[in-house]
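Working notes for the structure below.
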Amino acid sequence: MRESQHKMIIDALSTGQRVTVRQLATKPIYSMYGGKRLSELKERGYDIRDHWVEAENGKRYKEYFFPKSEINRLKKGKKKWVLMNIVEW
């Protein structure tokens with residue numbers, strides 16, 4: 001389950017989407033350990049950034065996102081993976 005949650009988080013962030021831990025607990029990821037999953041991805045070398053957002057009611061929460069450089073790096077990595085598989089196939 002952890003690996004599939006990692007993949008879903010990476011897929012969401014690589015589209016430029018910003019996510020919160022609370023959002024990770026709902027569809028489609030359903031991870032009650034969203035903060036832990038983000039930490040694990042950071043430990044694996046993903047450049048996940050965060051910043052504080054203030055809600056209308058004055059409460060603060062963090063949004064997590066990939067910077068454009070990380071999105072571009074991942075896109076290049078996927079292209080290489082596809083090319084390698086075509087050559088091997």
Side-chain angles (χ1 to χ4, degrees):
M1 179 62 93
R2 181 184 322 173
E3 293 303 318
S4 61
Q5 289 175 349
H6 285 161
K7 183 178 178 343
M8 287 188 280
I9 293 169
I10 291 167
D11 289 346
L13 295 177
S14 64
T15 64
Q17 184 178 343
R18 293 170 181 254
V19 298
T20 65
V21 172
R22 185 173 184 172
Q23 289 171 327
L24 295 177
T26 60
K27 287 182 182 178
I29 298 172
Y30 291 116
S31 176
M32 296 307 295
Y33 305 99
K36 178 70 175 163
R37 298 295 169 255
L38 290 165
S39 292
E40 291 166 352
L41 290 170
K42 286 180 183 181
E43 289 172 5
R44 290 182 176 193
Y46 289 94
D47 184 14
I48 299 174
R49 308 273 177 93
D50 61 67
H51 70 100
W52 287 100
V53 176
E54 189 167 335
E56 290 179 16
N57 62 6
K59 293 188 178 186
R60 293 172 18 133
Y61 59 92
K62 274 192 177 182
E63 281 186 334
Y64 297 88
F65 62 96
F66 278 152
K68 288 184 180 182
S69 59
E70 183 71 359
I71 294 170
N72 292 335
R73 184 184 73 82
L74 290 171
K75 285 180 181 177
K76 288 178 184 176
K78 285 182 182 179
K79 287 180 185 174
K80 288 180 185 175
W81 182 84
V82 170
L83 290 174
M84 286 174 24
N85 283 328
I86 291 172
V87 171
E88 290 175 7
W89 185 57

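In what follows, residues are counted from 1 in the order of the sequence shown. Keep in mind that what you see is a predicted model, and the values were worked out from it rather than measured.
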Taking every non-hydrogen atom, the tightest pair across Q5 and S31: OE1-OG, 3.3 Å
Atom of S14, atom of F66 and distance for their closest heavy-atom approach: N-CD1, 3.6 Å
Gap separating the CD atom of E43 from the CD1 atom of I48, nearest 0.5 angstrom: 10.5 Å
Heavy-atom side-chain contact between Y64 and V21 under 4.5 Å: yes
Hydrophobic cluster membership, Y33 vs M8, 4.5 Å side-chain cutoff: no
Heavy-atom check, side chain of F65 versus side chain of H51, under 4.5 Å: yes
Distance (rounded to the nearest 0.5 Å) between T26 OG1 and L24 CG: 7.5 Å
Between CZ on residue R73 and CG on residue D47, distance to nearest 0.5 Å: 8.0 Å
Close side-chain approach of K75 to I71, heavy-atom, < 4.5 Å: yes
Interatomic distance, L38 atom CG to I9 atom CD1 [nearest 0.5 angstrom]: 5.0 Å
R18 to Q23 - nearest heavy-atom pair and separation: O-OE1, 3.6 Å
Step-by-step side-chain contact (heavy atoms from CB on, under 4.5 Å) determination, D50 to K42: CA-CA 12 Å; D50 61 67; K42 286 180 183 181; 3.7 Å; yes
R49 and E70, any side-chain heavy atoms less than 4.5 Å apart: no
